[in-house]
Amino acid sequence: MYWRVLPVVALAAPTHALIRMGCSQLVVQRLDPLVTPGQVPSPHVHQIIGGNSLNATMHPSNHDIPKMSTCTTCQAADDFSNYWTAVLYFKAQNGTYKRVNQKGNAGFEGQKGGMTVYYMQNQLADYEQKTQVTAFKPGFRMFVGDLNARTLEEAKPYRQLTYTCLQDMSTRYPETKYLPNKPCPAGIMVNVRFPTCWDGVNLDSPNHMDHVSYPANGTFESQGPCPTSHPVKIPQLMFEVIFDTAPFNNKADWPTDGTQPFMWSFGDTTGYGTHGDYVFGWKDDSLQKIMNEPCYVNCKSMKTQTIDQMNSCTVEQTAKEDMDSWVKEIPGQAMTEE
Ligand SMILES: *[C@@H]1O[C@H](CO)[C@@H](O)[C@H](O)[C@H]1NC(C)=O
Ligand SMILES: *[C@@H]1O[C@H](CO)[C@@H](O)[C@H](O)[C@H]1NC(C)=O
Ligand SMILES: *[C@@H]1O[C@H](CO)[C@@H](O)[C@H](O)[C@H]1NC(C)=O
């Protein structure tokens, strides 16, 4: 597999694993089993990847994700987790909207929509991956971000939620907290990094965030220690979601007042409200086994499937809505448009 930052000189071998995998689209729809379980349709549109046992409730008490799934859109064949984010819409000068598709990362060019998912023990560019982490337990789920944030100040608690304006598929810097204000030739990459410390007890919490925490001081990247309230180091889960904005990059179609034309499906044009959702569903202890292996991206203990197999796993929309045409209103947003 092609990997952009292959080490030129391997200074030391990894002692633990870093996973990077493509995951195709499972479905694009208004469904949110984590934040608004049972509500069909949910308030805003999501792009969802992972196992096909996805449904509106999927409560851990009666929903065994790996047992109930028969396929997954992720490269790791044992990963039936579900992962999702909101989606971007382009607003044309005539006031109509079009959903922006996602595309696969370098190395996953044939992938249909979706995103790239990482599980890391140390930061991405660290080929040694030395830190030991505890994999998530069955029933674990979490959320990160604040969909009501519209200023840098409000988005500050989530400093690891960023955007990269892709000049080409290998651009990784700079990252901004706001949506790029210029056309991005290869797309807009949304980076979602989850907290890396867990209280060790609760699989979820009322706001889906209090059971996890950022390091007590320093950062994940600086290997800051976990706080005593959340002492268990968990892998850093990270999404890279590449929105294929290239078809909308004609400056003549952009607003004449200098603003940018993309809007999140929950009505945010600033970008500060970006957020991500995770419902764990790896089979048995397959994630822990991979995390314990010394490997960087190419991990022998990770059972993989082909891009064709990833693409062939889909589910029907629970609430049937047109996600592909030009629309007068973003689904669910009639009252909240800014
Ligand atoms: C989701 O699946 C579970 C387990 O089969 C089932 O009990 C539940 O009713 C389903 N929820 C919905 C909303 O379909
Ligand atoms: C609005 O503009 C878009 C982009 O130019 C175009 O594709 C679409 O057909 C237009 N819709 C209407 C209703 O004029
Ligand atoms: C965090 O605090 C510990 C103990 O107070 C200290 O030893 C360590 O250097 C600090 N780490 C960072 C990254 O600031």
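Counting starts at 1 for both ligands and their atoms, in listed order.
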Does the pair T306 and D308 meet the rule for a side-chain hydrogen bond (donor to acceptor under 3.5 Å, both in side chains), with working shown? CA-CA 5 Å; T306 64; D308 283 346; 5.3 Å; no
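- Heavy-atom contacts of T96 reach the following atoms of ligand 2: 1 (C), 11 (N) (cutoff under 4.0 Å).
- Ring centroids of H208 and H275 are separated by 6.0 Å or more, keeping the two rings apart.
- When only non-hydrogen protein atoms are considered, atom 4 (C) of ligand 2 lies nearest to W326 CH2, 3.5 Å.
- Between Q25 and the choices Q111, K112, Q102, the side chain to side chain donor-acceptor pair (under 3.5 Å) rule is met once, by Q102.
- N55 ND2, 3.4 Å is the protein heavy atom nearest to atom 12 (C) of ligand 1.
- Between the side chain of N122 and the backbone N or O of K130 there is at least one donor-acceptor pair closer than 3.5 Å.
- Here is the list of ligand 1 atoms found below 4.0 Å of a heavy atom in T57: 1 (C), 8 (C), 10 (C), 11 (N), 12 (C), 13 (C).
- Put simply, atom 9 (O) of ligand 2 has no protein non-hydrogen atoms near it, under 4.0 Å away.
- No hydrogens or angles considered: nothing links the side chains of D284 and S286 as a donor-acceptor pair under 3.5 Å.
- Taking the six-membered ring for Trp and the full ring otherwise, the centers of F262 and F243 sit at least 6.0 Å from each other.
- Considering each of H63, M68, M58, the one bringing a non-hydrogen atom nearest atom 5 (O) of ligand 1 is M68.
- Contacts of N62 with ligand 1, taken as heavy-atom pairs under 4.0 Å, involve both backbone and side chain.
- Among all non-hydrogen protein atoms, the one lying nearest atom 11 (N) of ligand 2 is N94 ND2, 2.9 Å.
- Aromatic pair F239/F194: ring centres closer than 6.0 Å.
- At a 4.0 Å heavy-atom cut-off, ligand 1 does not touch H59 at all.
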